[in-house]
Amino acid sequence: GAAECNATAAGYYFVAANQSAAPCPAGYYSAMGVRTCSMCTAGSYSGTASASCTTCPAGKYQDEDGSGACKDLPGGYASSTTGLTAYTTATKCHNGKYANESGSTTCSIADQGYYVPSSSVGQSYQRPCPL
């Protein structure tokens with residue numbers, strides 16, 4: 001009967017006003033048969049009409065609930081950990097290592113002919129060695 005008619009597909013919610021299903025917006029999700037959307041928490045994201053949230057991959061983070069995407073870690077930071085909720089929890093490149101690209105998963109050792117000051121923390125570039 002009526003209960004089966006009102007079941008909603010995963011990623012959709014039930015709109016009582018017109019007795020229909022509508023897609024959950026980005027940053028929200030719903031499981032099969034659930035009539036409401038739930039918000040994704042920090043460290044995860046979802047696209048429109050999602051059945052679940054996806055954990056942010058390594059090199060990215062999300063510090064807000066209800067997001068449709070993850071943010072790249074800024075230069076000078078790196079992490080191979082998934083689901084970060086703040087870029088400050090990532091590794092600040094130090095001890096002669098750097099991360100020159102946003103979204104880095106590891107800190108790099110300077111290339112031959114370059115160096116990174118060992119005293120620097122959160123280093124995003126390498127410097128040419130003096131001649």
Side-chain angles (χ1 to χ4, degrees):
E4 292 85 17
C5 292
N6 289 337
T8 54
Y12 287 76
Y13 67 97
F14 185 72
V15 182
N18 60 5
Q19 298 290 302
S20 66
C24 292
Y28 292 78
Y29 71 97
S30 72
M32 179 72 184
V34 176
R35 295 166 60 111
T36 58
C37 300
S38 298
M39 187 183 296
C40 294
T41 57
S44 66
Y45 71 99
S46 73
T48 303
S50 292
S52 63
C53 298
T54 303
T55 301
C56 291
K60 297 182 181 285
Y61 74 100
Q62 182 47 259
D63 52 1
E64 300 175 54
D65 294 335
S67 180
C70 296
K71 303 171 185 176
D72 284 340
L73 291 173
Y77 289 83
S79 180
S80 58
T81 304
T82 60
L84 290 184
T85 57
Y87 76 87
T88 53
T89 59
T91 299
K92 266 189 184 178
C93 297
H94 63 286
N95 290 338
K97 295 183 179 181
Y98 73 105
N100 65 341
E101 296 180 6
S102 57
S104 293
T105 56
T106 59
C107 296
S108 302
I109 296 172
D111 297 325
Q112 187 170 350
Y114 290 83
Y115 77 103
V116 177
S118 59
S119 60
S120 66
V121 176
Q123 191 65 41
S124 61
Y125 60 93
Q126 55 184 349
R127 298 175 182 164
C129 292
L131 298 174

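Start at 1 with the first residue, then count along the sequence. What you see is a predicted model, and the numbers here were worked out from it, not measured in a lab.
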When clusters are formed from ILVMFWY side-chain contacts under 4.5 Å, directly or step by step, what else is grouped with [X]?
{"X": "Y29", "answer": "none"}
{"X": "Y12", "answer": "none"}
{"X": "L73", "answer": "Y61, Y77, L84, Y87"}
{"X": "M39", "answer": "Y28"}

**Message:** Enumerate the ring-ring contact (aromatic ring centres under 6.0 Å, His included) contacts for residues 93-129, please, sequence neighbours excluded, ordered by first and then second residue.
**Reply:**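 Sorted result for residues 93-129: empty, none.
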**Message:** Test: ring-ring contact (aromatic ring centres under 6.0 Å, His included). Region: residues 38-59. Which pairs qualify, not counting sequence neighbours?
**Reply:**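 Residue pairs with at least one partner in residues 38-59: there are none.
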**Message:** Run the side chain to side chain donor-acceptor pair (under 3.5 Å) test against S120 and tell me which residues pass, sequence neighbours left out.
**Reply:**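 In terms of side chain to side chain donor-acceptor pair (under 3.5 Å), with neighbours along the sequence ignored, S120 is linked to Q123.
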**Item:** D65: salt bridge (charged side-chain N to carboxylate O under 4.0 Å, His left out) partners, not counting sequence neighbours
**Value:**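 Result, salt bridge (charged side-chain N to carboxylate O under 4.0 Å, His left out) vs D65: none returned.
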**Asked** Tell me, which pairs form a salt bridge (Lys or Arg N to Asp or Glu O under 4.0 Å) where one or both residues lie in residues 97-118, sequence neighbours left out?
**Response**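 Every pair satisfying salt bridge (Lys or Arg N to Asp or Glu O under 4.0 Å) with a residue in residues 97-118: there are none.
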**Asked** salt bridge (Lys or Arg N to Asp or Glu O under 4.0 Å): which pairs involve residues 71-90, sequence neighbours left out?
**Response**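 Only K60-D72, D63-K71, E64-K71 qualify under salt bridge (Lys or Arg N to Asp or Glu O under 4.0 Å).
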**Item:** Set of residues satisfying side chain to side chain contact (heavy atoms under 4.5 Å, CB included) with respect to S20, sequence neighbours excluded
**Value:**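 Expected list: V15, N18.
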**Asked** Applying disulfide (SG to SG under 2.5 Å), which residue pairs with at least one partner in residues 87-120 are found, sequence neighbours left out?
**Response**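 Disulfide (SG to SG under 2.5 Å) check on residues 87-120 returns C93-C107.
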